Every structure is written in C-alpha cells, then in structure tokens.
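The sequence lines fix the lettering, A, B, ..., with proteins before strands; numbering per chain opens at 1. Since the model is a prediction, treat every value here as computed from it, not as a measurement.
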Amino acid sequence: MNSLRITTPLTDAAIESLRAGQAVLISGRLLTARDAAHKRMVEALGRGEELPVNLAGQVIYYVGPTPAPPGRVVGAAGPTTSGRMDPYTIPLLAQGLKGMIGKGYRSPKVVAALAEYRAVYFVTYGGAGALLARTIREARVLAYADLGPEAIHEFIVEDFPALVANDIYGGDIYSESVRWRMPAAEGF
Amino acid sequence: MRTIAAGEITAVVARLCREANVTLGEDVLQVLEAAREREESPRGRDVLDKLLANARLAQEEGMPLCQDTGVAVVFLEVGQDLHIAGDLEAAVHEGVRQGYSEGYLRKSVVRHPLDRVNTGDNTPAVIHYRIVPGDRLKITVAPKGAGSENMSALRMLKPADGVEGVKRFVLDVVEKAGPNACPPLVVGVGIGGTMEKAALLAKEALLRPLGSHSDDPLVAALEAELLEAINRSGIGPLGLGGRVTALAVHVEVYPCHIASLPVAVNLNCHAARHRSAVLPEGIWRLIGSAADREGKNDVSEEKHKYLGEKT
C-alpha cells in the first residue's frame, strides 16, 4: 500500500489533504491518553483549570503501553478501542487537538465534530503491539503518573503506520467493508 | 493422596502468564497463515501480514503480543486426591503478581469497578475451579483483553427461538462488535445450562485448539455454519473489509431447563492467548508451548529454578 508520510504537529493543510482510507506513516510527537486520563482532563477543563499538556496541533494515541523491558524505551503499544473516549473527545478538540489514533468506530457526534474542528481520526493495527512499539524512538511520562499505564506519555515516533479512518469531509473507512459483504448463507 | 506445596503453583502460574502473553499458539499461527492466503481484500491482507509479523517479533523479542495483557483468567482442574499444602487461591494470585511483574506485562486490573484504582500488580485473577477424579492438577492461564471481552454478550433466548435464534444472536454480536473487538476473531459460544454456565462455556470454548471441531455432529455443523456466515459479513480484518472476519467458531453446549435457552458469546481477538501446565504423577508438563513442541516440556527443573529465584 502507498503510504503518505506526515509529521506532527498536524497543520490545517495536512488535515485538508487527508482522505479516509489513506495509509500514512506518522513521524514526530504523539501524546498518549486513554480512559482515566481523558476523564481527568475533561474534569479539569470543567473546573476551568489548565491542562497539564498543551493540545494545540497535537495528536493523541489511545494506548496504555506495557512497561518497558530492560534496554527498550517502551513495551508493547497497540491501540485501544477509541469509542470509549467519545464522551470526552469534543472538549479536547475545542482545545486544539488535531488528531486521534485508535481502533474501532467513533460516535456520529465525534465524526461530525472532526469537520467542525478540522481534525482527523486515524486507526492503527489492533493486536500488533510489539510491531508498533518498534516505531517508538523515545517515550516519557508527561503527566498523571499516578495513573500507571493510563498516564499521559510523550512518544517520539518514526514512520508509525496508520490509516485515515474519518476525515473532515465525512469520509469513513469502515463504510468500505460493505463492499465485501456477501449474501447471507442459507437459513440466515 | 499426593501432596504438593502451594509455592509450586505460584511458580507455574507466573511462567504461564509470561508465556501466554508473548507466544501465539502454533494452532493460531497456522490458522492465521491460512487466512492470509484466503483473504482477497488488499487491506485485509496487509492487516494479516502485520499480525503475523507481530507474532514473530513478539516471540523473538520476548515482548507481549499486545499491550492489553489482560485480566488473568485461571482455570484449575484439581484432583480430589491431591492435597495442596498452603493457600491455593493466594498461590495463584501470587503467581499472577510475579508473572506480570517479571514479564513486564501491563497491570490492567482496578480494585473496584466503581472507584477504579489500579491494584498495580494485575491481581486478583479470575479463578474457575473444577474438582476432578485422581490426584492430577491442570492449570490454564488465559489472559483476556478488554477490547474483545467488552463486545461479548449473553442473551436468555426462548426455546421457540431454536437454533435459528442462536445463529441470529451470534451474528448480531459479531456485527455490533465490528472493528472494536480486533477481528479476525475467535468466537466462543456457550449454549445451555443457566445464565452463568453459558458464560463459562463460552469462555471455555476459547481454550479449544483453533480450528478443532465439536465431537457432537449437531454442534460441529453449527460451528461450520456460523463461521461461514460470519465470514460473509464483509467486516474483515480490523473491520476494514474482507473475507476473514473470524478464524474459528467454537461452540460448547450443556443441558438446560425446559423453559430456557441461554446463549453466551465470548469474543476473542486473533490472539487466543492461553497456556496450560499439568501435573500428572508429580511432574509438571507445559502443554502447547514451544518447549512442548521441542520435547522439552518437562518443567520440573524450571519449577525449582523459579522457586529459587529472588522475586
């Protein structure tokens, strides 16, 4: 597959050029956050507090990596199910978040918000945590260290493989699976 | 009456936790490779290539296959003539604690489902016991990730719903899961018993060698039909479209009440992770591991090695 190389932080021009189904290789900085970190960030915003990280132009990877074995920067680091982050996503887009990486469907509200906030949702290879870890050159905890695997990390990645799942034009990679649907077996 | 020390169980559980998370079973690899050959969608083939590369890499590097190293589900078959000196349940939890720490596995368990504070050592395990004749002991560790577990479901059907109702429900669960459960899936189905029995059957179905068929011809036919129907859904690897949505469907059944038809569907991603060890006649043997294939499955020496390790 032809992959487009992109770098973070994501510019509006880069986002406008991306279409659902496009394979990309991402290099640069990714932030990690999953369930508990999202909850904490959105609660902080609700209290009018500053976030511990500036999200403007940033990409959040939904991952809780395994601990780094000796001599490695990080353990296995594949995507977690993105839909669980849906209730927290729009306030973060409002903070300037430009990209998210995970696996699975997003809610219609989040998909619609991508057009409004000029942001993109990527999916990567669920279940390929060891393979994806190889693209992570540096990793450190930035905030919420007490959350353990759910802490906010900074990853510096090189050629991290992903696919554009939802773009700003309403394109949806999952709608393409309809093409592969076959008539039901007899009796169904 | 045979007596073993609970500490032996700790050492074996720790090893099984590490192995199960790093090494994909030979049965799974074979079915995955066959699926790669069968897949027509270029994107689906790309996903299956990456999953195979991931399995090779994890094995080479001793790295977990997936960052979700799961909650440790432990199945124990304990001979009624076996005496375990010490606290069996504490020994299992200690094995999980050691295995997840020494193996650099992710600690994904929270102490309370509502206050959600991480226990920090992946305990407690979820333990299922069966008392069996004799003095044998079998331990199976099946780490279960939440991505697929969360998309699993149980429904109490009516007897009138029959086998058609069962099929519709299983397909419905797979369709709703879509990409979230990381297809290609292994689908465990439990039919019959009571509510909790059906759920346990579905989980036990995931432990069967991949691609094996039920001994019951009626059930084997249902497995084949379900697999075909699921693969006609077009969901495909990671839900990106294709012919391979499931690698296998395993169905287990149990007698039930005249008024009942419980059906549980336990989804698993391609990493149908589980490792077993048995203790017949006082010697531990690993089942289905690389060591087993190489004829080095006598781990009684390892057992002593692990027991001697500083933890």
*Donor-acceptor contact present, side-chain N180(B) to main-chain T81(A), <3.5 Å*: no
*Considering all heavy atoms of both residues, which atom of Y105(A) and which atom of G178(B) are nearest to each other, and what is their separation?*
OH-CA, 3.8 Å
_Per-residue contact mode, A128(A) against chain B (heavy atom under 4.5 angstrom)_ = both
*Run the numbers on E175(B) and R181(A) for salt bridge (charged side-chain N to carboxylate O under 4.0 Å, His left out), then give the verdict.*
CA-CA 11 Å; E175(B) 296 249 354; R181(A) 184 174 267 282; 2.7 Å; yes
*Decide if atom CD of E50(A) counts as having more than 12 heavy atoms of other residues, nucleotides or ligands within a radius under 6.0 Å.*
no
*Going by heavy atoms in the side chains, are D46(B) and Y125(A) under 4.5 Å from each other?*
yes
*Check each atom of P65(A) against the heavy atoms of chain B and say whether the ones under 4.5 Å are side chain, backbone, both or neither.*
backbone
*With a 4.5 Å limit on heavy-atom distance, are the side chains of S233(B) and W180(A) in contact?*
no
*Let me know if S41(B) has heavy atoms under 4.5 Å from chain A in its side chain, its backbone, both or neither.*
both
_Can you tell me which portion of N118(B) sits under 4.5 Å from chain A's heavy atoms? Options are side chain, backbone, both or neither._
side chain
_Interatomic distance, T124(A) atom OG1 to K50(B) atom NZ [nearest 0.5 angstrom]_ = 8.5 Å
_I'd like to know whether CZ of R243(B) has more than 12 heavy-atom contacts from other residues, nucleotides or ligands below 6.0 angstrom._
yes
*Which one, E176(A), R84(A), R179(A), R72(A), leads in non-hydrogen pairs under 4.5 Å with chain B?*
R72(A)
*Is it the side chain or the backbone of L105(B) that comes within 4.5 Å of chain A heavy atoms, both, or neither?*
backbone
*Are C182(B) and K103(A) close enough that some pair of their side-chain heavy atoms sits under 4.5 Å apart?*
yes
*Which bit of A68(A) comes within less than 4.5 Å of chain B, counting heavy atoms only: side chain, backbone, both or neither?*
backbone
_Between SG on residue C66(B) and CG on residue L131(A), distance to nearest 0.5 Å_ = 12.5 Å
_Looking at A76(A), is its backbone amide N or carbonyl O close enough to the side chain of R106(B) to form a donor-acceptor pair, meaning the two atoms are under 3.5 Å apart?_
no
*Out of curiosity, M182(A) CE to N231(B) CG, how far, rounded to the nearest 0.5 Å?*
9.5 Å
_Nearest atoms (heavy-atom pairs only) where V74(A) meets M63(B)_ = O-CE, 3.7 Å
*Rounded to the nearest 0.5 Å, what's the gap from CD on Q67(B) to OG1 on T32(A)? Could you check?*
11.0 Å
*What's the shortest heavy-atom distance between G104(A) and P179(B), and which atoms?*
CA-CG, 3.6 Å
_V123(A) side chain reached by L238(B) side chain, heavy atoms, under 4.5 Å_ = no
*Residue pair G239(B) / Y174(A): nearest heavy atoms and the distance that separates them*: O-CD2, 3.1 Å
*Hey, mind stepping through L163(A) and L240(B) against side-chain contact (heavy atoms from CB on, under 4.5 Å) and telling me if it holds?*
CA-CA 10 Å; L163(A) 298 152; L240(B) 301 176; 3.4 Å; yes
_Is any side-chain heavy atom of T66(A) closer than 4.5 Å to one of P64(B)?_
yes
*Would you mind checking which part of A271(B) comes under 4.5 Å of any heavy atom in chain A, side chain (CB onward), backbone (N, CA, C, O), both or neither?*
neither
_Can you tell me which portion of N21(B) sits under 4.5 Å from chain A's heavy atoms? Options are side chain, backbone, both or neither._
neither
